[in-house]
Amino acid sequence: MEHTQRRPAGVARASSGLMDGLQRWLPKLVVAPTFILVGIGIYGYMLWTGVLSFTNSSFLPSYGFVGLDQYAKLMESERWLVASWNLAIFGGLFIGICLLIGVVLAIFLDQRIRQEGAIRTIYLYPMALSMIVTGTVWRWILNPSLGLEKLMHDWGWTSFSFDWLVNSDFAIYTIVMAAVWQASGFVMALFLAGLRGVDPSIIRAARVDGASLPVIYWKIILPSLRPVFFSSVMVLAHIAIKSFDLVMAMTSGGPGYSTDLPAVFMYAHTFTRGQMGLGSASAMLMLGAILALLVPYLYSELREKRHD
Amino acid sequence: MNTFKRNLTALAVSAALMPTAAVHAGEVEVLHWWTAGGEARAAAALKEMMEEQGHTWKDFAVAGGGGEAAMTVLKTRAVSGNPPAAAQIKGLDIREWAELGFLTSLDSVAESENWDQLIPPMISDVMKYEGKYVAVPVNVHRVNWLWVNPKVMEDVGVEVPTTLDEFFEVADKLKAEGYIPLAHGGQPWQDATVFDAVALAELGPDDYRKAFVDHDMDVINSEKMEEVFSQFARVMSYVDDDAAGRDWNTATGMVIRGEAAMQIMGDWAKGEFTAAELTPGEDYLCAPAPGTEGQFTFNVDSFAMFRLSEEEDIKAQKDLARTILEPEFQTLFNQNKGSIPVRTDMDMGAFDTCAQASMETFKSSADDGGLVPSFSHGLATTSYIQGQIFDVVTNFVNSNNPDPAKTTDQLAAAIQSAM
């Protein structure tokens, strides 16, 4: 009884101390689970993959260390070389063409045209589809015995031939087509937002000086959109390196393994062929490729801030 | 009022029965990927038979034909110490799981049921680890089949080819008449399935075993193997240009519709013909793949049994193992799946002619050494070596100027690096 009566004063005193403590600790407490999860879920597993890439893990992880053997094997693997070369082709073309189409569409849409909202939605819409759907649809369109080629033949143009999807030298370019179709609307949206952020008084001033519209875009507006350009490249490069579902849906890496990308290679070896060590090594090289892009980007971003 | 009373009685009775059932019976959790039509019916039959024995069946079906998704799930479950009672694991992967200590011995069941007498040693060897049964075979598929549309053959006036040379002759005539001679899907495993048949025809069972089971470099890196590759290239030249990425059942559909004349594919293709309501021997023919008459490349589905802790569950698991090999289930399951029973003492009267022919060859080849494990379906070698061979074979098929001599070197190097 005594105990309960004494309590209010004690609680009041304790609570003010508690509140102080809470104020100091609450933000950290709230953020802590996120940090822990990110720490384990991303960096922890990254580290584990790194460790596995130095072991002889077969279809379950094991810890017999073999040094750089898996990397050496990877470099000798014909299929890995094909996959890497494909990534270079796919990544280069995908990023380049997406940027080009995105910028051009954004500039056109920026001319205060009618029905801009509707057109913007249509261009952006492919992004709403999952890569699996995009891949499946394009596989049907490009398949010679049921898509475009058959349609042309049925319409009477029998000499029409478009068999890239089933030709091992060209199949990778069909993947580029589908990926560009999917992502260029997104690049357009990024650039459009950037264009709308440009101070109109600069343009008016340039007009007064007698500059034509193309010159204004080329010399004044686009250079000021450098940050947008960088973030687009970053996002597109990520998409390119982790591209997996699109390839699986369109060609499953075929014909043969001519459209294999590193992500597909990694999945096949780690999870279906029981070569977890080799798969981990390929995952580490992919991580390396992303870091090679990310580090210079972050460096340039942070340095710019210091200068401002 | 009456119904109410009856319901009450039913409730009371079931309440009285329920706990006894729960106490006495164990639970079997079974991981499988039999989710399509006939396969699903077959799985349901097994479930029913287990429930008749008073056990609970927990279905753990993971869709996806080749079972890749299922294997990923299984690995997670096994590593976290909670494996299912039984999982569909095939070929040499059984040995790998056993080596890691996950599997339990079934020798008590095997002895009392006399498995060693029922199953040909070629197959029981795959089910054993260190002389102990750790898995139960469910069925036997024959991989080296040639499926033929007789109307197309009649139209062109040719017979079903029995050797590779005859095949080339027949295919030329078919091509001249505007038919696709060989229906095929350009996926690595299908390329390998055809290569499997050509290799058996060219090498014969002994050298086939030396190459793909023992990895004898004298056979792998030989002129014979070069010959296999050049014959294989010739066979593949009768496939239409749009085959890349096509599923095997789409290719079977081409034979059914009469666009293509033949397909080299395992006997699961029969399911497609059955679904189209065709009769074997009349509407479609099954013949051994050219040059492999009397030989049998087998692909065996099996359940590996995991180590469990609860005694009741272990009993249920043993009952499952026994039930799978009982004639009743063997008949029902294999009729639905298109394969043949793994027991050689079964009455084949209820099966169709293709299955009967398959069984005959199975028995005779088991005696004369013509029975070989299929490398393209993971019965002959580990999944890494299999993967390496797939890469070489599929690259050869899809290359613009295939070179048998160079590819033979590549094959030897690939197998060597994976060993």
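For the numbers below, each heavy atom of this structure counts, side chains included, while hydrogens, waters and symmetry mates do not. Here is the naming used below: chain letters follow the sequence lines, and residue numbers restart at 1 for every chain.
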Interchain contact, B/S417 with chain A, by part (heavy-atom threshold 4.5 Å): backbone
OH/A/Y267: more than 12 non-hydrogen atoms of other groups inside 6.0 Å: yes
Flag if over 12 foreign heavy atoms under 6.0 Å of CZ, A/F160: yes
From CD (A/E78) to CG (B/D391), nearest 0.5 Å: 9.5 Å
Residue pair B/A244 / A/P255: nearest heavy atoms and the distance that separates them: CB-CG, 3.9 Å
Donor-acceptor contact below 3.5 Å, side chain A/R273 vs main chain B/G387: yes
Top contributor to chain B interface from A/T251, A/N143, A/D169, A/T270 [non-hydrogen pairs under 4.5 Å]: A/D169
A/F35 atom CZ: more than 12 heavy-atom contacts under 6.0 Å: no
For chain A, which residues of residues 235-243 of chain B have heavy atoms nearer than 4.5 angstrom: B/D241, B/D242
Smallest separation among heavy atoms of B/N398 and A/G256, with atom names: ND2-N, 2.8 Å
Contact origin within B/V79 toward chain A - heavy atom pairs under 4.5 Å: side chain
Max heavy-atom pair count under 4.5 Å with chain B, selected residue of A/T272, A/V82, A/N167, A/L165: A/T272
A/Y173 atom OH: more than 12 heavy-atom contacts under 6.0 Å: no
Heavy-atom proximity to chain A below 4.5 Å, by part of B/F390: side chain
Residues of residues 54-64 of chain A near chain B, each having a heavy atom less than 4.5 Å away: A/S58, A/F59, A/L60
Separation of B/Q388 CD from A/Q275 CD (nearest 0.5 Å): 6.0 Å
Partners meeting ring pair (Phe, Tyr, Trp, His ring centres under 6.0 Å) with A/Y257 (sequence neighbours left out): none
Part of A/S145 within contact of chain B (heavy atom distance under 4.5 Å): both
Residues of residues 181-196 of chain B near chain A, each having a heavy atom less than 4.5 Å away: B/P188
